[in-house]
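A short write-up of the structure that comes next.
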Amino acid sequence: MSNLKRLTLWLGAGLVAIVVLAAVVSLFWTPFDPTLVRPANRLQPPGWPHVLGTDGFGIDMASRLMAGARICLLVGIIAVAIAAVIGVPLGVFAGMSKNWVSSLVLRATDILYAFPALLLAILLAATFGGSTWTAMTAIGIASIPAFTRMARAATLQVMASEYVLAARSSGTSRMGIAVRHVAPNIGPVIGVQASVSFGIAILAEAALSYLGLGTPPQTPTWGRMLKDAQVFVFSGDPLVAVLPGLAIAGAVLGFNLLGDGLRDLLDPRLRESTVRAEQGR
Amino acid sequence: MALRIATRVAAFLGSVLVASILIFIVTSALPGDVAQVILGTNADPAAVEALRQRHGLDRPLPVQYLDWLFGMFVGDFGHSYLTGQSVISRISPAIGVTLSLVLGGMLFAVLFAIPMGMIAAIRRRHASGALASALSQIGLAIPAFWAGLMLVYLFAVNLGWLPANGYIRFGNDPGRWARHLVLPVLSLAIVQGSVLSRYVRSAIIEVLGEDWIRTARAIGWTKWGALIRHGLRNASLSVVTVLGLQLATLFVGAIVIESVFALPGLGSVLLAAVAQRDLMIVQGTVMLLVLAVLVINALVDLSYLALDPRLRSRR
């Protein structure tokens with residue numbers, strides 16, 4: 001592993017660690033109440049006691065950013081879990097099935113490609129009203145095809161190996177092969193995909209909160225902070241919009257780099273990130 | 001060849017059918033009475049009953065679905081529950097706005113991605129190549145709407161060169177139309193171009209390893225010359241495919257960008273309809289967007305078939 005690649009991995013892991021740390025600490029402690037509105041205190045520049053300043057409501061920026069990391073991680077975790085739990089078994093099934101079954105599964109998941117997370121979220125929000133749940137569900141469902149494709153490709157590779165041939169000729173059942181040989185071998189690939197999908201989920205969640213289709217306004221989220229900051233950008237006070245944007249970009253960059261680094265670490269033969277951008281932000 | 005086209009068309013029709021069922025199921029999943037929800041719990045029962053009658057909401061769901069599906073064949077995507085306006089007449093003034101944004105975004109994304117991707121590929125062992133890769137990595141992580149806000153601050157608020165938001169119809173004043181589109185198009189293009197440049201990079205790296213590039217170098221072409229003369233055309237096939245597939249992303253990106261710049265496009269129609277819970281407008285507009293994406297994907301597939309003779313003989 002070259003130095004550059006090692007740097008990628010550590011930079012990614014570091015950024016992700018900062019986000020996780022901020023979220024965990026915010027559960028117990030934030031410098032100020034991240035929802036406390038104090039109009040007299042609005043738009044303070046960074047200093048003391050407000051290290052990163054205050055926003056247009058007079059809420060402490062650092063506290064609101066820390067609390068925002070929670071929703072960002074929550075949505076990422078649930079969305080990736082939904083996508084992996086549905087997408088991976090589908091992909092393994094497709095990879096182990098006859099040609100026509102396999103292409104049927106692929107076609108079915110391909111249809112989902114025409115439904116980016118945002119469109120699904122709009123549908124769900126129109127029907128049920130927007131919430132963190134509709135956002136997570138929409139992002140999760142929209143991420144299924146990526147997992148299915150990766151899992152299928154990896155499964156095909158495993159199925160062509162000699163140890164699977166040996167297992168089959170010694171009478172191991174298909175289920176046995178799936179559990180004992182396929183699952184452990186496709187694990188790393190799925191891990192990489194999970195990291196990449198996490199980044200996509202963060203971007204999608206930010207867009208949904210910004211549009212008011214996700215988490216309700218009272219809960220601190222980075223996307224909502226940008227929405228609230230918009231009016232101050234127009235009036236020449238950009239700092240309130242710079243910080244949440246940097247937080248989002250930093251978190252996404254972290255998960256993307258982590259994914260890239262893991263891919264190189266686990267399997268140098270895997271092709272350079274073409275998996276990444278395949279679906280929506 | 002004919003068989004492949006027939007299979008592709010059948011798959012397309014199947015996808016449209018499944019997509020329409022999915023959309024219908026989601027918008028019909030509302031617990032309780034749709035008419036009551038739209039008009040609110042305090043609404044006059046007679047008004048609720050009238051709305052139900054007018055839109056046939058008292059019929060069984062499969063009947064409602066088939067009615068909507070067959071309506072679409074004759075260009076009727078449904079009518080607003082609130083105003084009775086048809087989906088088509090509601091969104092037709094908005095389509096032009098979104099299309100200008102999407103096509104402009106795509107054009108600038110390509111203009112940005114090809115040189116960036118080429119530099120990142122050819123000079124990948126040098127600092128400039130690494131810088132190009134790093135820039136695209138950063139561009140990938142930035143939310144497009146944030147890029148939009150920052151561009152507004154820089155070019156509209158601070159420098160005053162361009163308008164911060166709003167839209168002028170092309171027919172009214174082409175110059176001002178273009179000026180109003182610069183910032184939204186750029187915010188889309190920065191992000192989309194970063195994504196695309198990574199595909200360009202891997203396509204070029206692949207091409208650089210080909211024998212015919214070595215041959216071109218051997219007869220005296222420079223690296224860049226060989227690449228521009230022979231490589232780009234070959235790399236373009238896969239890039240064009242990706243471009244087609246990215247259209248869905250661009251449409252969605254446009255929805256968010258429209259919200260930043262207050263552009264009266266499809267996104268604003270959708271968001272307004274969501275706020276009013278005008279389910280039919282949402283259902284019809286989403287269906288049209290999904291249909292557009294499916295049509296484009298099918299066309300990309302077919303054009304691939306036309307462009308690459310090797311694919312034609314295979315079944």
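Taking every heavy atom of both residues into account, V256(B) and A207(A) meet most closely at CG2-CB, 4.2 Å. Closest non-hydrogen pair, S259(B) versus Q230(A), comes out as O-NE2, 4.1 Å. When every heavy atom of A11(B) is checked against every heavy atom of R107(A), the shortest pair comes out as CB-NE, 3.6 Å. Between L203(A) and A141(B), the shortest heavy-atom distance links the atoms CD2-O, 3.7 Å. Heavy-atom minimum distance, P143(B) versus I248(A): CG-CG2, 3.5 Å.
Among L124(A), L112(A), V252(A), the residue with the largest count of heavy-atom pairs under 4.5 Å with chain B is V252(A). Chosen from A251(A), A241(A), P238(A), G250(A), the residue pairing most often with chain B at heavy-atom distances under 4.5 Å is P238(A). With chain A as partner, the option from L250(B), N158(B), L294(B), I255(B) having the largest number of non-hydrogen pairs under 4.5 angstrom is I255(B). For the options G254(A), G245(A), A249(A), heavy-atom pairs under 4.5 Å to chain B are most numerous at G245(A). Contact count versus chain A (heavy atoms, under 4.5 Å) is highest, among N165(B), L22(B), V260(B), for V260(B).
Taking CD1 of I122(A) as the reference point, atom CG of L271(B) lies at 5.5 Å (rounded to 0.5 Å). Put simply, CG on L119(A) and CG on L270(B) are 7.0 Å apart, with the number rounded to the nearest 0.5 Å. For the atom pair CG of L211(A) and CZ of F145(B), the computed distance is 7.5 Å after rounding to the nearest 0.5 Å. For the atom pair I138(B) CD1 and L257(A) CG, the distance stands at 9.0 Å (nearest 0.5 Å).
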Which donor-acceptor pairs under 3.5 Å do side chains of residues 283-292 of chain B form with protein atoms, sequence neighbours excluded?
from	atom 1	to	atom 2	distance (Å)
Q283(B)	OE1	T27(B)	OG1	3.1
T285(B)	OG1	I281(B)	O	2.6

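Within the 4.5 angstrom heavy-atom criterion, only side-chain atoms of L213(A), from C-beta onward, approach chain B. With a threshold of 4.5 angstrom between heavy atoms, V16(B) does not approach chain A through any atom at all. Heavy-atom distances place the side chain of I111(A), and not its backbone, under 4.5 Å from chain B.
Residues Q137(B) and T8(A) form no side-chain contact, since every pair of their non-hydrogen atoms from C-beta on lies 4.5 Å or further apart.
Exactly one of I23(B), V293(B), V26(B) qualifies for a side chain to side chain contact (heavy atoms under 4.5 Å, CB included) with F115(A). That residue is I23(B).
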*asked:* Pair W146(B), L246(A) - check side-chain contact (heavy atoms from CB on, under 4.5 Å), show working.
replied: CA-CA 9 Å; W146(B) 185 59; L246(A) 285 181; 3.7 Å; yes
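Pairs of residues two or more places apart, or lying in two chains, that qualify as ring-ring contact (aromatic ring centres under 6.0 Å, His included) and include a residue from residues 212-263 of chain A are F198(A)-F255(A).
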